[in-house]
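Naming: A, B, ... by sequence-line order, numbering from 1 per chain. Just so you know, these numbers come straight off a predicted model, no measurement behind them.
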2 protein chains.
Amino acid sequence: MVDPTSRALRLLSLMQGRRDWAGADLAGRLGVSLRTLRRDVDRLRELGYPVQARPGVDGGYRLAAGAALPPLVLDDDEAVALTVGLQAAAAGADAGMAEPSVRALTKVVPVLPARLRRRVEALQAMTVPAPPWSDGGPAVDPSLLVAAAQACRDTERLEFTYTAAGGRPAERLVEPHRLVPLGRRWYLVAYDPSRGDWRTFRLDRMAGLRGTGARFAARPLPAEDAATFVRAGMDRFRTPTLVEAVVEAPAAVVRDRVGRWVRVTDEGPDRCRLHLETDDLDWPALVLGAVRAEFTVVAPDELRVRLAEWSQRFARAVAG
Amino acid sequence: MVDPTSRALRLLSLMQGRRDWAGADLAGRLGVSLRTLRRDVDRLRELGYPVQARPGVDGGYRLAAGAALPPLVLDDDEAVALTVGLQAAAAGADAGMAEPSVRALTKVVPVLPARLRRRVEALQAMTVPAPPWSDGGPAVDPSLLVAAAQACRDTERLEFTYTAAGGRPAERLVEPHRLVPLGRRWYLVAYDPSRGDWRTFRLDRMAGLRGTGARFAARPLPAEDAATFVRAGMDRFRTPTLVEAVVEAPAAVVRDRVGRWVRVTDEGPDRCRLHLETDDLDWPALVLGAVRAEFTVVAPDELRVRLAEWSQRFARAVAG
DNA sequence: CCATCGCGGACAGGATCTGTCGCCGATTGC
DNA sequence: GCAATCGGCGACAGATCCTGTCCGCGATGG
């Protein structure tokens with residue numbers, strides 16, 4: 001532990017692993033004198049990491065919250081948990097979080113030791129993403145997501161088999177530009193040299209994605225922003241269904257049960273109203289089942305049909 | 001950028017942000033000569049981080065997967081995504097991942113800048129954890145989890161109001177030892193000085209948890225392991241219900257729809273069998289609704305009752 | 001009041017770091 | 001093949017730094 005650089009990293013790691021450290025303790029772990037430890041601490045402070053110190057009999061050093069997150073030193077288990085957690089966040093959940101999650105994954109995944117990668121894969125199968133039935137589309141494979149994001153970042157040409165809405169799979173070789181999460185789906189904005197134009201591709205319709213290793217010079221996108229480019233191309237296709245129902249239970253109770261999934265508005269002491277937007281009617285059926293209270297469907301009519309199906313299927317199951 | 005230590009950290013950060021870097025590019029960013037850059041790269045290699053270099057006209061430096069994860073340098077958005085993802089992983093999902101997630105959180109949260117903390121809180125409300133109805137017990141607040149884990153790590157006395165199974169809330173002041181996730185619940189193993197004995201506390205029954213700031217000398221736990229200590233104390237209470245159903249659809253289809261939530265075994269070309277364990281019968285009802293196929297319930301009888309309730313409630317909703 | 005602990009200046013010897021120069025080997029494109 | 005490009009490496013000299021030791025100071029808690 002003679003190199004100051006290595007010591008700085010190790011010092012950071014130690015201070016992340018426990019809050020309070022006595023100076024002598026730290027100096028001992030790093031194999032240096034107290035004076036040198038003080039200098040090392042100074043160095044960390046110069047780098048912007050707020051190391052607090054308290055003199056006195058119960059004093060010590062402590063890493064506090066600062067302006068920026070210090071480099072995180074994680075052990076194996078933590079790295080696995082981090083990766084799986086980020087993958088779940090990227091694949092499901094909120095759009096505002098998905099994009100940074102993928103970005104963080106492109107930092108972690110390429111440097112993840114192979115043994116950890118296997119553990120990530122094993123755990124991933126066990127792990128609960130956003131419910132697979134909450135959206136019509138099939139879920140996107142996180143590794144696909146990361147591979148595409150990396151190609152965008154590294155300006156590396158991408159090859160894949162794409163099955164457009166029409167139905168015929170075709171090979172594509174594109175220059176990836178940016179990944180855009182929109183309404184629980186992921187889109188890749190890319191330049192297609194063979195067609196000489198910009199296109200958007202849905203990630204859940206890609207297969208056999210692989211980097212070619214060939215780099216390219218980035219072109220300017222002929223749009224303000226990748227997200228607006230995607231939106232411009234798909235607005236005409238969107239057909240979300242608005243679901244509305246009245247539930248005979250206090251809004252607080254309903255919010256507690258399903259508030260994360262739908263909007264709940266108050267309608268008196270023992271009644272409230274649910275709103276949600278979806279393109280899969282099984283989803284509101286699940287939600288309405290989970291509220292455990294009497295309810296009536298305001299719209300759409302198709303939902304009533306679907307609920308009747310569920311009701312009859314359940315009745316048959318019980319009778320059988 | 002004259003300090004080698006600071007340069008090493010910055011170099012690591014740069015190489016995490018993009019895969020391929022030309023030497024001159026890196027040297028320019030760090031404000032040093034090419035020769036010095038090479039020496040810096042050597043230093044990183046000596047620290048165990050595998051920096052690959054390729055000569056030739058398309059060459060460059062690249063950070064590869066190594067034996068250990070290098071310190072992660074994250075920006076604001078990524079740090080927020082990381083925190084939220086880890087919190088979701090800690091609160092829900094798989095027990096094998098929950099504990100390391102909490103451990104990683106105890107490293108991140110204390111050094112998280114305040115402005116990011118607010119964003120984490122805002123996002124957390126929007127984010128989808130494991131379905132709240134998948135377990136009878138109320139979900140554990142991630143911040144409570146982290147606070148308890150930190151107290152364990154820092155051997156800091158903990159105060160909280162505990163409502164035991166009996167029902168009377170009481171103040172507790174304990175020396176926390178370890179946090180144990182067991183069957184979708186969290187337990188704190190701690191020494192209670194006022195009673196002179198070791199106890200386990202359920203985190204979802206705690207309120208107003210706060211650290212006292214006072215440190216204590218760790219005692220040896222009179223058990224092999226904190227997990228076995230918890231298990232020894234609670235085995236007599238566990239009453240999981242085994243659910244079994246036969247579905248009239250190919251196993252592959254059913255696995256695709258609900259395979260993440262239950263075990264599916266094959267029973268011929270168009271029939272399969274579901275197994276799951278729970279203490280909340282609404283949960284299998286949701287799963288059976290999501291399979292979108294005819295089914296019959298093998299066990300338990302109570303589930304048939306529950307399904308009948310759902311069926312009738314849905315029927316009334318449709319009729320109303 | 002005292003013990004403990006962090007702070008920081010000074011100093012000297014030694015180790016390290018840096019840029020420059022030169023040359024080599026690998027790779028790619030012509 | 002040949003040239004251009006790029007990383008690797010050894011050597012060198014001067015500047016810089018790093019380290020341990022010694023010292024007194026100030027804050028904290030009992």
Ionic contact status for A/D225 with A/R178, cut-off 4.0 Å | no
Given the side-chain rings of B/F216 and B/Y191, with only the six-membered ring counted for Trp, is the space between their centroids under 6.0 Å?
-> no
Considering residues at least two apart in sequence or located in another chain, which fulfil the salt bridge (Lys or Arg N to Asp or Glu O under 4.0 Å) criterion with A/R153?
-> none
So, do A/P71 and A/Y49 sit near enough that their side-chain heavy atoms are less than 4.5 Å apart?
-> yes
Is B/W186 close to B/V180 at the side-chain level, that is, under 4.5 Å between some pair of heavy atoms?
-> no
Nearest-angstrom distance from the residue atom CG of B/L34 to P of C/dT18 = 14 Å
Can you tell me which nucleotide in [options] comes closest to the side chain of [X]?
X     : options                : result
B/A53 : C/dC17, C/dG8, D/dG8   : D/dG8
B/R43 : D/dG7, D/dC18, C/dT18  : C/dT18
B/P55 : C/dA26, C/dT18, D/dC18 : C/dA26
B/Y61 : C/dG19, D/dG7, D/dT19  : D/dG7

Residue whose nearest DNA chain D nucleotide is more 5′ - A/S33 or B/G60 = B/G60
So, for B/L188 and B/L179, which heavy atoms are closest and what is the spacing to 0.1 Å?
-> CD1-CD1, 3.6 Å
A/L63 and A/M15: which non-hydrogen atoms are nearest, and at how many Å?
-> N-CE, 3.5 Å
Would you verify whether the NZ or CZ of B/R18 falls within 45 degrees of the ring axis of B/W21 while also being under 6.0 Å from that six-membered ring's centre?
-> yes
For A/T5 and for A/Q52, find the nucleotide of DNA chain C with the closest heavy atom, then tell me which residue's nucleotide is more 5'.
-> A/Q52
For nucleotides 9-15 of chain C, just jot down a letter per nucleotide in 5' to 3' order: B, S or -, based on protein non-hydrogen atoms under 4.0 Å.
-> BB-----
Rounded to 10°, the angle between the first-five-pair and last-five-pair axes of the helix from C/dC1-D/dG30 to C/dC30-D/dG1 is 60°
